[in-house]
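Heads up: the structure comes next, in C-alpha cells.
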Amino acid sequence: MDAPDLNLLPALDALLAEGSVTGAARRLGLSSSAMSRTLARLRAAIGDPLLVRAGSRLVPTPYAIALRDRVHTLAREVRDVLSPQDSPLDLATLDRTFTIRANEGFVGLFSAPLVAAVLAAAPRVRLRFAPKPAKDAGPLRDGAVDLDIGVLGAFAPEVRTHLLFRDRFVGVVRTGHPLLSAPVTPPRYAAARHVVVSRKGGFKGPVDEALAMLGLQREIVAVVPGFPDALRIARQSDLVALVPRSCVGDASFPHDLLSFELPVATPEIAVSAMWHPRLDADLAHRWLRDTVMAVCRAATRDLRERPGWPGMASQASSAGEG
DNA sequence: TCACGTGTTTCGTTAATCCG
DNA sequence: CGGATTAACGAAACACGTGA
C-alpha cells in the first residue's frame with residue numbers, strides 16, 4: 001500500500017477553506033489548473049468528490065465539511081512541526097492559549113498582574129487558569145496543562161521545576177477577635193477553634209504537629225477546599241483561619257480581618273512552577289515562564305519587605321495595621 | 001562507492017473547452 | 001463571463017543500470 005502523499009494536505013486545507021479551486025490556487029500561489037489537478041488527485045486518494053458543482057460554484061460534500069476542521073488543525077500542526085524552531089518569537093502575533101493550573105490563592109494574588117503583563121506583550125495570547133484538584137503530573141504529560149504552580153509533590157521525575165517564591169502560614173481572625181487582645185501564645189492559639197484548608201479533607205497538618213510537640217492540641221471545626229473559603233468563615237465567625245501569608249498581602253484582603261504570626265514554627269512553603277520537558281525549548285512557553293517568574297518576583301517584592309515574610313528578619317506581629 | 005546516462009514519473013504550465 | 005476541467009507539453013525529480 002502506498003503511503004499517503006502528505007503534500008496534498010496543505011492543498012486540501014486551502015480547498016476546504018476557500019471552497020474554490022481558483023481561491024485555493026491563489027492562496028498557494030499556483031495556477032487554477034494545477035489546483036484542479038491536485039483536487040483530482042485528492043478525489044482519487046480520498047474516494048470522495050470533496051467539492052462538487054452547484055451552479056457556477058463548488059460546494060463541499062458532507063464528508064468535506066466533516067474533514068474541514070481536522071484538516072486545518074493538521075495542516076497547521078504540520079507547518080509548526082516543520083518550521084525552524086530558532087525563528088524569533090513574535091509576541092505581537094502569538095496566538096495561543098496557555099493553561100495554568102494553580103490554587104485559588106495563587107490565582108487571587110497573581111492572576112491580575114499576570115494577565116496584564118501577558119496582554120501587554122502578547123495581545124492575542126489567552127490564559128486559562130485551571131483548578132488544582134490534586135498533585136498529578138498527568139495533565140502536564142498529556143499537554144492539558146502548560147504550567148503547574150504549587151508545592152512540589154511526588155511528581156514525575158522528568159518534570160522541570162523552578163522556585164517562584166517562599167511562603168509561610170499565618171493565622172487570620174476577624175477584627176475584635178479576643179485572641180488578639182493579648183500576645184498569641186501556643187496555649188492561647190491552641191485553645192481557639194479553627195478552620196483549615198485541605199483539598200483532601202484532612203484535619204491534621206504541620207501546625208498540629210508543632211503544637212503536639214508542645215503537648216497541645218487545637219480544635220478544628222471546619223475544613224474547606226480553598227483559602228478564600230477559610231477567610232470568609234473567619235470573617236463571619238470566631239474561628240481562626242490558617243492561610244499562606246501571600247493571601248494576606250493580596251490587595252483584596254478584607255479590612256475587617258487581621259493576620260498574625262503563628263506561635264509555633266512551621267515549615268516554609270516553596271511555591272514552584274512545574275512544566276513538562278517537552279515544553280522546555282518552546283520559545284513561547286519559555287516566555288510564559290519568564291513572565292510568570294517576573295510577575296511573582298514583582299508581586300512578592302512588596303510582601304517580602306513587610307515584616308514576617310519568610311527570609312526577612314522580623315518578629316511576630318499582628319497585620320492589618322496600615 | 002560514486003558518477004553518469006537514460007527512461008519514467010510527477011507536477012507544474014498554457015491553451016482550449018465546458019458549464020451555468 | 002467567471003470558474004472548473006482537460007489536453008498537451010516541459011522541467012525537475014526519481015529509479016535504475018552501467019562502468020570506472
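Proteins get letters first, then strands, A, B, ... in listed order; numbering begins at 1 in each. When reading the values below, keep in mind they use all heavy atoms of this one structure, side chains included, and skip hydrogens, waters and symmetry mates. From a predicted model like this one, the values you see are computed outputs, not experimental measurements.
Between dT5(C) and Arg41(A), no contact under 4.0 Å exists linking OP1 or OP2 to a side-chain N or O. OP1 and OP2 of dA4(C) both lie 4.0 Å or more from every side-chain N or O belonging to Ser32(A).
Between Arg68(A) and Asp13(A) there is no salt bridge, since none of the side-chain N atoms of the basic residue sits less than 4.0 Å from a carboxylate O of the acidic one. Salt bridge status for Arg124(A) with Asp95(A): present, with a side-chain N to carboxylate O gap under 4.0 Å. With salt bridges taken as basic N to acidic carboxylate O contacts below 4.0 Å, one links Glu261(A) and Arg245(A).
In this structure, Met35(A) places its CE atom 15 Å from P of dT14(B), rounding to the nearest Å. Rounded to whole angstrom, the span from the CG atom of Leu42(A) across to the P atom of dC11(B) amounts to 11 Å. For the pair Leu58(A) CG and dC19(B) P, the interatomic distance rounds to 15 Å; values are reported in whole Å.
Between Tyr189(A) and Phe260(A), the ring planes are perpendicular. Angles over 60° get that label, and only those under 30° would be called parallel.
Aromatic rings from Phe165(A) and Phe110(A) are positioned such that their centres are separated by under 6.0 Å.
Residue contacts for Leu39(A): at a heavy-atom cut-off of 4.0 Å it reaches the sugar-phosphate backbone alone, with no base atom in range. Among the heavy atoms of the strands lying under 4.0 Å from Ser20(A) are primed sugar atoms or P, OP1, OP2 only; no base atom is included.
Judged by distance alone, with hydrogens and angles left aside, Ser36(A) brings no side-chain donor or acceptor close enough to the base of dT6(C) to form a pair under 3.5 Å.
Shown here for Pro60(A) and Leu51(A), the closest heavy-atom pair between the two residues is CA-CD2, 3.7 Å.
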TODO: Assign a letter to each nucleotide of nucleotides 8-14 of chain C from its 5' end: B, base within under 4.0 Å of a protein heavy atom; S, sugar-phosphate only; -, no contact.
DONE: B------

